Chemist: 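After the structure tokens below, expect a handful of questions from me.
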Amino acid sequence: MAEEGVKVHGFWISPYSTRVEIALKMKGVKYEYVEEDLQNKSSELLQYNHVHKKVPVLIHNGKAIAESKIILEYIDETWKNNPIMPQDPHEKAMARFWAKFIDDEFLQPLRKALFFGEMEVEKAIEETKVNLKILEKVLEGKNFFGGERIGLVDIVATSIAYWVPLFEKAVEKKMLTEEFPKLCNWKNKYVNHNIIKEALPPKDKSIAYFRARFAKFRTSS
Ligand SMILES: N[C@@H](CCC(=O)N[C@@H](CS)C(=O)NCC(=O)O)C(=O)O
């Protein structure tokens with residue numbers, strides 16, 4: 001039974017939806033999950049997120065919140081145990097900076113190349129490796145981006161730990177190579193963490209989905 005009327009509208013392979021589920025699980029909050037058909041969105045989703053009409057949406061006590069990073073901060077402020085955000089104002093600003101970097105810069109070349117055909121795959125891999133190099137430095141002296149524990153940037157970087165290997169499988173090329181030892185260590189520790197493991201979508205289904213998305217785009221171009 002979901003506590004305090006907590007509901008998530010999501011889509012099983014959406015990295016943005018998975019983030020919200022990870023945060024709720026980290027806090028131990030029980031929630032109801034509503035799987036959306038993105039080709040035929042529910043009237044609730046269209047009403048709750050009438051501006052962007054996207055998942056995820058969190059509903060808490062009858063009020064809706066959209067945009068995954070905003071939802072993560074809401075969850076952290078509402079349920080105080082296992083903090084996701086740092087306390088120190090500078091550290092907090094930096095966590096927001098890197099979370100924004102991952103969404104606005106890191107993920108874009110891969111999405112453009114593999115899902116929308118707007119960039120050559122080789123170019124996307126090259127740009128991704130430049131961004132991986134930047135993030136490798138951020139992990140200097142740390143186990144997680146959040147320091148000793150999983151924080152905002154780790155949760156947002158699920159897109160790297162789980163989805164980059166799916167891109168790698170779809171194009172049959174490696175990006176997370178031994179050039180990035182800290183990121184590789186982080187990725188292994190992160191995806192094997194019991195809470196994260198529980199929130200990630202099923203692996204075989206995810207690989208098949210990515211391969212099909214990529215193949216569909218290849219044959220239609
Ligand atoms: N910036 C948004 C991105 C959400 C997003 O792009 N969701 C996708 C699924 S991965 C979606 O709902 N797409 C449906 C559509 O655009 O119609 C967030 O962080 O929540």
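First listed ligand is number 1; within each ligand, the first listed atom is number 1. Just so you know, residue 1 is the first one in the sequence shown, and it goes up from there. These numbers come from a predicted model, not from an experiment.
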Chemist: Taking the side chain as every heavy atom from C-beta outward, state whether L45 and V57 have any pair of such atoms under 4.5 Å apart.
Modeler: yes

Chemist: Can you report which non-hydrogen protein atom sits closest to atom 1 (N) of ligand 1, along with the distance?
Modeler: E67 OE1, 2.9 Å

Chemist: Classify the side-chain pair K203/Y162 by whether it contains a donor and acceptor separated by less than 3.5 Å.
Modeler: no

Chemist: Please determine if K69 has a nitrogen or oxygen closer than 3.5 Å to a nitrogen or oxygen of ligand 1.
Modeler: no

Chemist: Suppose we measure from atom 10 (S) of ligand 1 to each protein heavy atom; which comes out shortest, and what is that distance?
Modeler: S14 OG, 3.2 Å

Chemist: Among V55, L38, T18, which residue places a heavy atom closest to atom 7 (N) of ligand 1?
Modeler: V55

Chemist: Provide the number and element of each atom of ligand 1 under 4.0 Å from a heavy atom of P56.
Modeler: 20 (O)

Chemist: In terms of residue, atom name and distance, what is the protein heavy atom nearest to atom 16 (O) of ligand 1?
Modeler: K54 CE, 3.4 Å

Chemist: Does K41 have a heavy atom less than 4.0 Å from any atom of ligand 1?
Modeler: yes

Chemist: For atom 18 (C) of ligand 1, tell me which residue out of S68, P15, A99 has the closest non-hydrogen atom.
Modeler: S68

Chemist: Is R213 close enough and on-axis enough to F115, meaning under 6.0 Å and within 45°, for cation-pi?
Modeler: yes

Chemist: Is there a side-chain contact between F145 and L139 in this structure, where contact means two heavy atoms from C-beta onward sitting under 4.5 Å apart?
Modeler: yes

Chemist: State yes or no: are the ring centers of F106 and F101 separated by less than 6.0 Å?
Modeler: no

Chemist: For a 4.5 angstrom cut-off between non-hydrogen side-chain atoms, does R19 reach Y16?
Modeler: yes

